[in-house]
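What follows is a short report on a single structure.
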Amino acid sequence: MDITLNEIRTFNAVVRAGSFTQAAKLLGVSQPAVTAQIRKLESRCEFPLLERFSKEVRPTSLGKQLHQLSCQYLDLDLAVASLLEPEVRSENFRLKVATASPLIFMPLMAAFKKQYPKALVQVIAGTTHECRQMIMEREADIGLFPMPNPPSGLSRLAFHCHGLTAILPKDHRHACAESVTAHDLIEDPLIAYKNNSFTQEYVKAVFSSAELNPRFEMMMSTSEHVSNAVVQGLGVGFALSDDIRPDHLYALVPVEGTDMDVTEHVVWLKTRSQQQGIREFVEMALTRRNID
């Protein structure tokens, strides 16, 4: 099957743009040229790649699979262009960053923006699972989150280590302690993060290693929401130590019994290592990481 890179590039643009007209604008070609490339591509396939509607097109099941593959071709295309035509690189690039740990990585993002003031940096907050999915599906360029066991398609750079801390009411019996254990808190009402968050899974592992079954009475989506619930006397919360700001309204006490600190990583797709913005961000992270 003799499929050309131009056909792949055109198909990818159509899926991203949602129409032949918008894809033509994206590629800087005429709409008939886009239509011709898609016809050639679909003539090689047993099943259709696109569903046509009055004002848009959507990929079929087969089209979605091809779109995922086509993104890899575009990564290669960009990497080759970057190598052979460095003069076309511009500081007006866009970079989407997905982070589960905004407090830790905000200084890095600020330094990056200072060095590349013309770059448009979009920051998306989410859980570690959500951020990882955004990287895998190319909805984000850079991920900033803990990733102990990366899949083969991802690259990572260790950036920062920190441990688990308990968020306690100021009048809690352990509020002035140097540290607490899972046993110290097992009788307290506990405030959880949503189930797919890294922090919540880590908290569960700490209690499990102590052979305890904690009772979580509330569930929150961010450390700010957890700390607010603690301040209102609704229970005890948890956060990774550098994911939450100290405040006089609650006490932060390190949790014992964890095997090791959590390592936050800068994450990106291996096939996109030479993409503009990603390469510069990783290079800056190398100079600013707080880890041996």
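This one's a predicted model, so the numbers in the text were calculated from it and none came from an experiment.
- The local environment of NZ in Lys170 is crowded, with over 12 non-hydrogen atoms from other residues, nucleotides or ligands closer than 6.0 Å.
- For Lys204, the NZ atom is densely surrounded, since the number of other residues' heavy atoms within 6.0 Å is greater than 12.
- For Gln31 and Thr21, the side-chain atoms include at least one donor-acceptor pair closer than 3.5 Å.
- A 4.5 Å side-chain heavy-atom check between Asp243 and Glu264 finds at least one atom pair inside the cut-off.
- The side chain to side chain donor-acceptor pair (under 3.5 Å) check on Glu137 picks up Gln133, with sequence neighbours excluded.
- Qualifying side chain to side chain donor-acceptor pair (under 3.5 Å) partners for Arg58, counting only residues two or more places apart in sequence or in other chains: Glu56.
- Checked by atom type and distance alone, the side chain of Thr165 pairs as donor or acceptor with a backbone atom of Val253 at under 3.5 Å.
- Salt bridge Glu130/Lys194: present, at least one basic N to carboxylate O contact under 4.0 Å.
- Both Met284 and Val123 are assigned to one and the same hydrophobic cluster, defined by single-linkage of ILVMFWY side chains at heavy-atom distances under 4.5 Å.
- Distance CG/Asp141 to CD1/Ile135: 7.0 Å, rounded to 0.5 Å.
- Taking the six-membered ring where the residue is Trp, His172 and His174 present tilted rings, their angle falling between 30° and 60°.
- Minimum interatomic distance between Cys161 and Asp261 (heavy atoms only, all atoms of both residues): CB-CB, 4.1 Å.
- For Phe159, the ring pair (Phe, Tyr, Trp, His ring centres under 6.0 Å) partners two or more places apart in sequence, or in a different chain, are Phe105.
- Distance CE/Met219 to OH/Tyr193: 12.5 Å, rounded to 0.5 Å.
- Around the CZ atom of Arg52, the shell of radius 6.0 Å holds more than 12 heavy atoms that belong to other residues, nucleotides or ligands.
- Contact between Ala239 and Ile244 at its shortest, heavy atoms only, is CB-CG2, 3.9 Å.
- In Phe47, the CZ atom is not crowded: 12 or fewer heavy atoms of neighbouring residues, nucleotides or ligands sit closer than 6.0 Å.
- The aromatic rings of Phe112 and Phe281 sit tilted, their planes meeting at an angle between 30° and 60°.
- The side-chain heavy atoms of Val121 and Tyr116, taken from C-beta on, include no pair separated by under 4.5 Å.
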